[in-house]
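Whatever order the structure lists them in is the order used to number ligands and atoms, beginning at 1. Note: hydrogens, waters and symmetry copies are ignored here, and every other heavy atom, side chains too, is used. Just so you know, residue 1 is the first one in the sequence shown, and it goes up from there. Remember, predicted model here, so these are calculated numbers, not experimental data.
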Amino acid sequence: MKAYERLIKYASYPTASCEENACCPSTPAQLDFARALADELRAIGCDEVELDENGYLFAAIPASEGCENAPVLGFIAHMDVSPEVSCENVKTRVLTYEGGDITLNEEKNIVMRAADYPVLAGYVGKTLVVTDGTTLLGADDKAGVAEIITAAERMIGDKSIRHGRIRLGFTPDEEIGRGADLFDVARFGAAFAYTLDGASFGEVDYETFNAAALKVEITGRSIHPGSAKDKMINASLVASEFISLLPALERPEHTCGYEGFYHLTSMEGCVESAKLHFILRDHDAAKLEGRKEYVQRCAVRLNQRYGEGTVALTITDSYRNMKEAILPERHLIDNAYAAVRALGGEPVSSPVRGGTDGSRLSFMGLPCPNLGTGSHNHHGRMEFACAEEMEKCTALVIKLAELYAG
Ligand SMILES: [Zn+2]
């Protein structure tokens, strides 16, 4: 079976994670998907297929004969998809890209315009998997899941592929920053691993943001508007004042490369109360601390004006830049580069403007660079995957296993 065929099958599971739910996995569909994957892993002949109560799915491929002493290598992907856009009733379509715009949905006039998505130019003549433009595809990260399982199937089926013991890990709730929370690194038992959670084949990423989440809770004072003079505190307006204190150019839509940001992800409010959610990001840890200090100064300032307790902040660290945990294991980068080149590609490392399960796992004792999956436009309706590129990413998993076999 080809990796893209697996992706199409997996797309039917609506596995969006949900930040509001404290349980793990945060949504039951992730567990349904994990159970189906566990069955599939058993069917292709994996060993030690174990799904724990939190929805973490692990499996193993025993070492080929003579490779028992090779280091245990892990491959990891996440099973949830972004909650930002619907993933219900995903209607996939496979097409050969002939260049130009792609009409995803004639009826609703949803078009992926080549001018808006220059990445498309590299895919003329290739086989693409798209949606009808009303949902995510969920290739982030089901493309990664599909490639790891396809590679596992081939390694098990083809005795000429020499590899050490391989561990496979599939995690829940990555998109809400909790993918590593209950990952049992000791039980996983790999010396190091790769996550498959990037975009293009050839990506070998080991630098990520330092990340924190900020919740702003505002308590207003509601009073009949007719007699509100000098008494009312409108929580929604205090919320908008808070937003206006943040530097307008330090937002995702105005930043790139190593520039960090404050990103308002949701807001709700009435007169009585208001709530804002932000994510704060920076590759530089000291600069992220600076952002945290700045939002605290904003809260102090507003509380001076409107009364103590009007604005309350909760700041939670999400993950750290994994570079410092990965560079001591430089072979992870060198071998990934060698494997990409062996498959005719040119490796590219760039500072990830996001994080992966690997960012946190790297600090939990499992160094984890991130590799591309052959899918693009993640977290949006224009998400697509390329069948040929997914095939290369699958081959990359096998090539790495071979390199570590010694
Ligand atoms: Zn992802």
Rounding to 10°, state the angle centred on the Zn ion (ligand 1) that links NE2 in His78 with OD1 in Asp197. 90°

So, Asn377 side chain and Phe384 main chain: donor-acceptor pair closer than 3.5 Å or not? no

The Zn ion (ligand 1) - closest N/O/S atom in Asp140: OD1

Can you say whether the rings of Phe183 and Phe188 are parallel (under 30°), tilted (30 to 60°) or perpendicular (over 60°)? perpendicular

Just grab all the salt bridge (charged side-chain N to carboxylate O under 4.0 Å, His left out) pairs involving residues 25-44, residues at least two apart or on different chains. Arg6-Glu40, Lys9-Glu40, Asp32-Arg35, Asp39-Arg42

Please collect all salt bridge (charged side-chain N to carboxylate O under 4.0 Å, His left out) contacts where either partner lies in residues 392-406, sequence neighbours excluded, each pair once. Lys399-Glu402

State whether Asp141 contributes an N/O/S atom found under 2.8 Å from the Zn ion (ligand 1). no

